[in-house]
Structure formats: C-alpha cells, structure tokens
Enquirer: 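Submitted below is the structure of interest, expressed as structure tokens.
All chains are named by letter (A, B, ...) in the order of the sequence lines, taking the proteins before the strands, and each is independently numbered beginning at 1.
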2 protein chains.
Amino acid sequence: MTANETPKSGTKTRYHHGDLRQALIAATRELLVERGAANFTLADACRLAGVSTAAPYKHFRDRLEVLEEIAEQGFNDLRERSGAAIATSGPGTLEGIIAMGQAYVAFAVAEPAVFRLMFGQNPALKKAKDVSDSGHACFAGVIDQVALFCSQNAVQGDAKAIALTLWTFVHGAACLLIDDDYQQVAPGLDVEALIRTAAPKLLVG
Amino acid sequence: MTANETPKSGTKTRYHHGDLRQALIAATRELLVERGAANFTLADACRLAGVSTAAPYKHFRDRLEVLEEIAEQGFNDLRERSGAAIATSGPGTLEGIIAMGQAYVAFAVAEPAVFRLMFGQNPALKKAKDVSDSGHACFAGVIDQVALFCSQNAVQGDAKAIALTLWTFVHGAACLLIDDDYQQVAPGLDVEALIRTAAPKLLVG
DNA sequence: CTTGCTAAGTTAGCATCACTAACTTATGTT
DNA sequence: AACATAAGTTAGTGATGCTAACTTAGCAAG
C-alpha cells in the first residue's frame with residue numbers, strides 16, 4: 001500500500017509536513033554550493049529544512065542517495081541545456097557544436113558542485129544505475145550531434161573519436177575553470193574564446 | 001630552542017619514535033589511493049602508523065595540513081616528470097610537447113588521489129602558500145616550453161594562449177580518465193593516441 | 001651521573017556526524 | 001469512528017576531528 005502514486009492535488013503534495021524529500025534535496029544543493037560535497041553534512045541539510053536529523057532516513061537510504069538524486073537531475077539539466085543550445089544554433093553546424101560546448105561550461109559554472117558530483121570520482125555514486133543511465137544518455141546525445149556534423153560536412157575520420165576529442169577539451173576547460181586553476185597562470189581568461197578557437201581545429205584537423 | 005634544525009644523523013632521524021611526520025604522510029597517501037580524499041580519515045592513518053589519534057597534532061596543524069604537504073610534493077613530482085619527458089624527447093619539439101602531455105596524464109593515472117588534491121576544488125588547500133607557489137612554478141615550466149616551440153617553429157599566434165589550450169585538453173583527458181567517465185561512452189579508449197592526434201591540431205591551427 | 005628542559009607521545013574528554021531503534025503523530029481509507 | 005501506516009520525533013551507538021592535561025624519553029649542562 002505505498003500511497004506515493006496518487007498524491008492529493010497536483011505535483012508536490014505529500015503527507016504531513018509537505019514534500020520533505022524535495023526540501024532536503026533543495027537544502028543539500030544549497031549547502032553544496034556553499035561548502036562543496038566534501039564538507040556537506042546531512043545534519044545541516046536537516047537544520048535548513050527544519051526537521052530532525054533522523055527524518056531523512058524515511059526518504060533516503062543514505063547520505064549518498066541524496067547526492068545520487070542530485071547528480072541524476074544534473075544530467076537531465078545538462079541534456080536540456082545542450083538541446084536548447086543546439087536548437088537555437090542549428091543542428092549539425094559548427095556554431096551548434098560550439099554552442100553545446102559553451103552550454104557545457106556554462107552548466108559547470110552555474111552548478112559547480114553538481115557538475116563535480118556528476119563527473120568527479122565517486123565509485124559508489126557512479127554505480128547507481130539511474131545516474132549511470134542518465135550520464136550515458138547525455139553523452140550519447142553529444143556524440144550523435146557531432147556525428148551529424150561530420151556526415152553533413154563530409155569530414156573524414158571517425159566521428160566518435162572527434163566527439164571524444166571535443167568533449168575532452170571542453171571538460172578540461174570546465175574543470176580548470178570551476179577549480180580556479182586558470183587563476184594561477186591566466187587570471188581573467190576568456191574561456192568562451194578559448195573554446196571558439198579550439199573547436200574548429202579539433203573538428204577538421 | 002626548537003631542536004629541529006640539527007637532527008642526529010643524516011636525513012630523517014627525529015626524536016623518539018622515528019619520523020612520524022613522514023610516516024603519517026605515507027600512511028595518508030596509501031589511504032588516499034584506496035578510498036579517495038573524501039573518505040580518508042586521519043584516525044585510520046594513525047592506525048596505519050601505529051600511533052594514537054592525537055599524535056598527528058604534534059606535527060600538523062590540521063587534517064588539512066597533511067593534504068597540503070602531499071599536494072606540494074605532487075607538484076614537485078609532476079615537474080620532475082615533465083622535465084624528464086622534455087629532456088628525453090627534445091626541448092621545443094612537437095614530440096617533446098606531446099611527451100609532456102603524456103607525462104601529465106601518466107602522473108594523474110599513477111597518483112589519481114594526489115592529482116585531485118592538486119587540481120580539485122579545495123579552497124582551504126589552494127590558499128596555502130606553499131601549494132600555490134609549487135603549482136605556479138609547475139605551470140610556468142609548461143608554458144615556457146610551449147613558448148620555446150612556438151619561437152623555434154615560427155608559429156604565429158600567442159604562445160601562452162596555445163599553451164593554455166594544450167593544458168586544457170590534456171587536463172580534460174586526465175580527469176575523464178581517472179574519474180572513469182570515458183568508460184561510459186568509450187570503454188578501453190586509447191588516451192595516448194587521443195593526445196597524439198589532438199596536440200598537433202591545437203599547436204598549429 | 002644526575003638533573004632538568006622540552007619534543008613527542010599518551011589517555012581522556014568534547015562536540016559533531018551518520019545511522020538505527022523504538023515511540024508518536026496525523027492522514028487517508030474502510 | 002476506528003485503524004493501518006507514512007512520516008515525523010527522541011534517544012542512543014560508534015566513529016571522527018580536535019583539545020587539554022599528563023607521561024615518557026632524548027639531549028645538554030652542571
């Protein structure tokens with residue numbers, strides 16, 4: 001008799017106190033922004049949500065399951081942003097590919113903690129099937145898009161290999177940006193320009 | 001009367017129990033390899049070194065200071081590896097630049113936890129002056145090397161910008177490799193080949 | 001050789017955290 | 001109106017980071 005399937009009104013109504021599950025996710029995201037995943041404590045998320053420290057375990061197996069859910073939402077978010085970038089810039093075009101790269105970096109900058117959850121090393125998290133599937137779907141979209149460009153522009157060479165190359169570059173840019181590593185050698189670097197310059201080189205070569 | 005300056009014999013002799021400072025660093029590195037920085041506990045390092053959990057505070061300010069020292073050693077290690085790669089492949093050559101990139105990735109693969117400490121987000125760690133300086137020196141070497149190539153081969157364009165582009169790509173490859181993200185879309189990818197292909201494209205344009 | 005200073009260890013204790021168990025509240029159904 | 005149960009509570013366990021106060025051991029000077 002899991003009464004989860006038919007909540008009272010529309011989208012978010014749950015039992016007593018409202019939707020604690022989503023409230024905890026929101027609180028966790030807030031804390032992740034402030035202090036990073038390493039220093040985040042579930043107890044503080046409880047305090048933010050105004051519940052006892054035992055309450056989360058009615059909704060989540062683990063401290064980790066909260067992070068899993070956030071990572072999965074992150075992949076959906078990233079896929080939407082990529083899709084939007086392609087849609088406005090034209091599928092299969094150089095501009096579209098570049099816009100996708102910019103969207104990738106923009107996402108990392110907007111949600112660095114979530115980005116690190118998604119791509120950072122966390123074996124327990126990556127083994128979660130939902131997260132793994134979301135990630136795969138996300139990457140598949142990117143690779144397909146690059147393959148489309150290759151076929152439309154008659155670019156020789158393995159489309160998948162090229163896509164991997166582009167992803168590698170854009171991912172590196174995102175990491176170095178959000179981890180403040182660029183600041184050491186090139187403060188105020190224009191990463192958008194960096195991508196705009198490098199993308200065509202890697203695409204045609 | 002800090003008696004640290006003139007130890008009894010040569011290099012590592014300290015007071016009673018031997019060199020606990022280095023023993024703790026070694027133990028910490030071991031644990032970092034096994035479980036990553038997030039799940040590492042100082043208490044376990046103490047257990048490995050065979051001392052009480054209060055002992056570290058005679059040698060380190062903090063749990064964090066152990067990590068700072070490891071990060072700093074990591075930058076020195078990376079600089080040595082880069083230097084060796086250049087030395088054997090010829091300074092200012094394409095092969096030299098590529099070898100440096102491979103050395104960067106090889107270091108990340110050999111010491112993923114240390115690599116993450118060095119480049120990952122950890123504001124408290126990056127503010128440590130020793131770590132910051134080591135990092136800067138390391139990057140400066142790389143950039144100089146690329147600049148040398150540019151002048152020797154009469155490549156037009158800003159040498160520093162090109163160096164940043166190369167670093168971005170190689171760093172992305174290292175991250176995606178050690179975080180197991182390539183496995184999702186391209187299991188068994190040959191990263192060395194990826195770098196060998198991309199480097200010339202980014203260098204000349 | 002003894003005395004004493006002090007670096008380097010110890011045990012004991014604090015506050016916090018993740019998580020569990022057992023109890024209580026309140027909600028929707030019958 | 002009664003009840004079954006989802007969703008919350010308090011209380012408790014073991015582990016952690018770190019501190020305070022005590023103990024041990026190495027070195028130097030008298």
Side-chain angles (χ1 to χ4, degrees), chain A residues 1-10 12-28 31-32 34-70 117 122 124-125 128, chain B residues 1-10 12-28 31-32 34-70 122 124-125:
Chain A
M1 303 292 176
T2 56
N4 283 356
E5 287 107 16
T6 45
K8 191 167 62 177
S9 60
K12 56 178 292 191
T13 314
R14 240 175 169 85
Y15 284 83
H16 325 130
H17 258 75
D19 195 343
L20 181 55
R21 184 180 178 89
Q22 283 305 319
L24 281 174
I25 288 178
T28 298
L31 288 172
L32 284 180
E34 289 174 15
R35 326 208 287 243
N39 301 78
F40 143 78
T41 69
L42 192 51
D44 275 335
C46 291
R47 243 137 7 218
L48 260 185
V51 295
S52 73
T53 62
Y57 300 93
K58 300 290 172 178
H59 299 275
F60 301 97
R61 159 182 37 88
D62 245 347
R63 178 181 180 281
L64 224 82
E65 204 189 354
V66 187
L67 301 181
E68 282 175 19
E69 185 113 352
I70 292 178
L117 276 183
N122 202 331
L125 222 162
Chain B
M1 301 296 176
T2 56
N4 283 354
E5 287 108 18
T6 46
K8 190 166 62 177
S9 61
K12 55 178 297 193
T13 313
R14 239 172 171 83
Y15 284 84
H16 324 130
H17 258 74
D19 196 343
L20 181 55
R21 184 183 177 88
Q22 283 306 318
L24 281 173
I25 288 179
T28 298
L31 289 171
L32 284 180
E34 289 174 17
R35 326 210 287 245
N39 301 78
F40 144 78
T41 70
L42 192 51
D44 276 333
C46 290
R47 243 136 10 217
L48 260 185
V51 294
S52 73
T53 61
Y57 300 93
K58 299 289 171 177
H59 299 275
F60 300 96
R61 161 184 32 92
D62 243 348
R63 178 182 180 280
L64 223 82
E65 203 189 357
V66 188
L67 301 180
E68 281 175 17
E69 185 114 352
I70 292 177
N122 201 330
L125 223 161

Enquirer: Quick check: closest heavy atoms across B/Arg63 and B/Leu42, and the distance to 0.1 Å?
Expert: CA-CD2, 4.0 Å
Enquirer: Taking the nucleotide of DNA chain C with the closest heavy atom to each, which residue, A/Thr53 or A/Lys58, is nearer the 5' end?
Expert: A/Thr53
Enquirer: Using OP1 and OP2 only, check whether a side-chain N or O of A/Ser52 sits under 4.0 Å from D/dG8.
Expert: no
Enquirer: Contact class for B/Arg47 vs. all strands (heavy atom < 4.0 Å): base, sugar-phosphate, or nothing?
Expert: sugar-phosphate
Enquirer: Quick one: is C/dA7 close enough that its OP1 or OP2 comes under 4.0 Å of any side-chain N or O from B/His59?
Expert: no
Enquirer: Whole-Å distance between C/dC17 C1' and A/Asn39 CG?
Expert: 13 Å
Enquirer: As a test of reading the structure: which of C/dC19, D/dC18, D/dT10 is closest to the side chain of B/Asp62, going by heavy atoms?
Expert: D/dC18
Enquirer: Roughly, in whole Å, what's the span from CZ in A/Arg63 to C1' in D/dA15?
Expert: 14 Å
Enquirer: Quick one: on DNA chain C, does A/Arg61 or B/Ala55 contact a more 5' nucleotide (nearest heavy atom)?
Expert: B/Ala55
Enquirer: Give me the atom names and distance for the closest heavy-atom approach of A/Ala45 to A/Ala27.
Expert: O-CB, 3.7 Å
Enquirer: Heavy atoms only, 4.0 Å cut-off, all strands: where does A/Ala43 land among base, sugar-phosphate and nothing?
Expert: sugar-phosphate
Enquirer: Please report the closest heavy-atom contact between B/Pro56 and B/Ser52, naming both atoms and the distance.
Expert: CD-O, 3.7 Å
Enquirer: A/Leu67 CG to C/dA18 P: how many Å, rounded?
Expert: 11 Å
Enquirer: What is the distance, to the nearest angstrom, from the CZ atom on B/Arg21 to the P atom on C/dA8?
Expert: 11 Å
Enquirer: Kindly give the heavy-atom pair with the smallest separation between A/Ala49 and A/Leu24, and that separation in Å.
Expert: CB-CD2, 4.1 Å
Enquirer: Counting side-chain heavy atoms from CB outward, which of C/dA12, C/dT20, C/dA18 is closest to A/Ala54?
Expert: C/dT20
Enquirer: Using a 4.0 Å heavy-atom cut-off, does B/Thr41 contact any base of the nucleic acid, only the sugar-phosphate backbone, or nothing at all?
Expert: sugar-phosphate
Enquirer: Whole Å only: how far is the CD atom of A/Glu65 from the P atom of C/dC19?
Expert: 11 Å
